[in-house]
Amino acid sequence: MTSGELFGVLKKILIEDFDIDENDIVPEASIADDLDLDSIDSVDMIVKLKPYLNGAIEPAVFKSVKTVQDVVDVLLPLAK
């Protein structure tokens with residue numbers, strides 16, 4: 001899976017499961033500030049992304065995630 005494909009999957013999940021406006025989902029959007037997702041929402045987002053990933057996700061990696069692009073960058077090595 002490419003970075004663009006993973007971004008597309010993430011965008012679809014954010015739109016369908018979190019009711020986020022498509023225009024708000026850009027790589028530089030802050031997960032907390034711009035998309036208004038709290039830590040529980042972020043965990044739920046990762047659970048929804050699991051079918052698209054190989055291997056386990058290290059929770060510590062997500063402490064540095066701030067933007068949509070950060071999510072893509074962290075998960076890309078695990079993407080199917």
Side-chain angles (χ1 to χ4, degrees):
M1 181 178 293
T2 67
S3 177
E5 291 168 335
L6 183 56
F7 177 79
V9 168
L10 176 57
K11 187 173 186 175
K12 181 179 178 197
I13 288 170
L14 291 171
I15 292 167
E16 293 179 0
D17 296 316
F18 296 95
D19 296 323
I20 296 175
D21 187 287
E22 181 177 2
N23 296 322
D24 293 338
I25 306 169
V26 293
E28 60 275 5
S30 166
I31 298 293
D33 297 331
D34 298 327
L35 304 183
D36 200 30
L37 297 181
D38 61 22
S39 58
I40 293 174
D41 290 331
S42 294
V43 169
D44 194 28
M45 175 182 66
I46 299 309
V47 169
K48 291 179 184 310
L49 283 164
K50 268 191 145 187
Y52 302 94
L53 306 174
N54 291 314
I57 301 166
E58 294 295 324
V61 173
F62 269 87
K63 292 183 187 216
S64 64
V65 169
K66 304 285 184 224
T67 67
V68 171
Q69 187 62 51
D70 291 342
V71 174
V72 172
D73 292 343
V74 167
L75 296 180
L76 190 57
L78 298 172
K80 291 183 182 179

Evaluate the criterion side-chain contact (heavy atoms from CB on, under 4.5 Å) for residue pair Val68 and Glu28; output intermediate values, then yes/no.
CA-CA 6 Å; Val68 171; Glu28 60 275 5; over 6 Å; no
Roughly how far, to the nearest 0.5 Å, is the CD1 atom of Ile13 from the NZ atom of Lys48?
8.0 Å
Are Tyr52 and Leu10 close enough that some pair of their side-chain heavy atoms sits under 4.5 Å apart?
no
Could you work out, with side chain to side chain contact (heavy atoms under 4.5 Å, CB included) as the rule, every residue matching Asp24, not counting sequence neighbours?
Ile20, Asp21, Leu35
Side-chain heavy atoms nearer than 4.5 Å, only ILVMFWY residues, links allowed to pass through others: does that put Ile15 and Leu49 together?
yes
Sequence neighbours excluded and cut-off under 3.5 Å, please list the side-chain donor-acceptor pairs for residues 70-80, or say none.
residue: Asp70; atom: OD1; partner: Thr67; partner atom: OG1; Å: 3.4
residue: Asp70; atom: OD2; partner: Lys66; partner atom: N; Å: 2.9
residue: Asp70; atom: OD2; partner: Thr67; partner atom: N; Å: 3.0
residue: Asp70; atom: OD2; partner: Thr67; partner atom: OG1; Å: 3.4
residue: Asp73; atom: OD1; partner: Gln69; partner atom: NE2; Å: 2.8
residue: Lys80; atom: NZ; partner: Pro51; partner atom: O; Å: 3.1

When you look at Ile40 and Asp44, which way does the side-chain contact (heavy atoms from CB on, under 4.5 Å) test go after all the steps?
CA-CA 6 Å; Ile40 293 174; Asp44 194 28; 5.7 Å; no
Is the side chain of Asp41 donor-acceptor paired with the backbone N or O of Leu37 at a distance under 3.5 Å, no angle test?
no
For Phe7 and Ile25, run side-chain contact (heavy atoms from CB on, under 4.5 Å): C-alpha distance rounded to whole Å, both residues' side-chain angles, the deciding distance at 0.1 Å, then the answer.
CA-CA 9 Å; Phe7 177 79; Ile25 306 169; 4.3 Å; yes
Results of side chain to side chain contact (heavy atoms under 4.5 Å, CB included) for Lys12 - residues two or more places apart only
Glu16
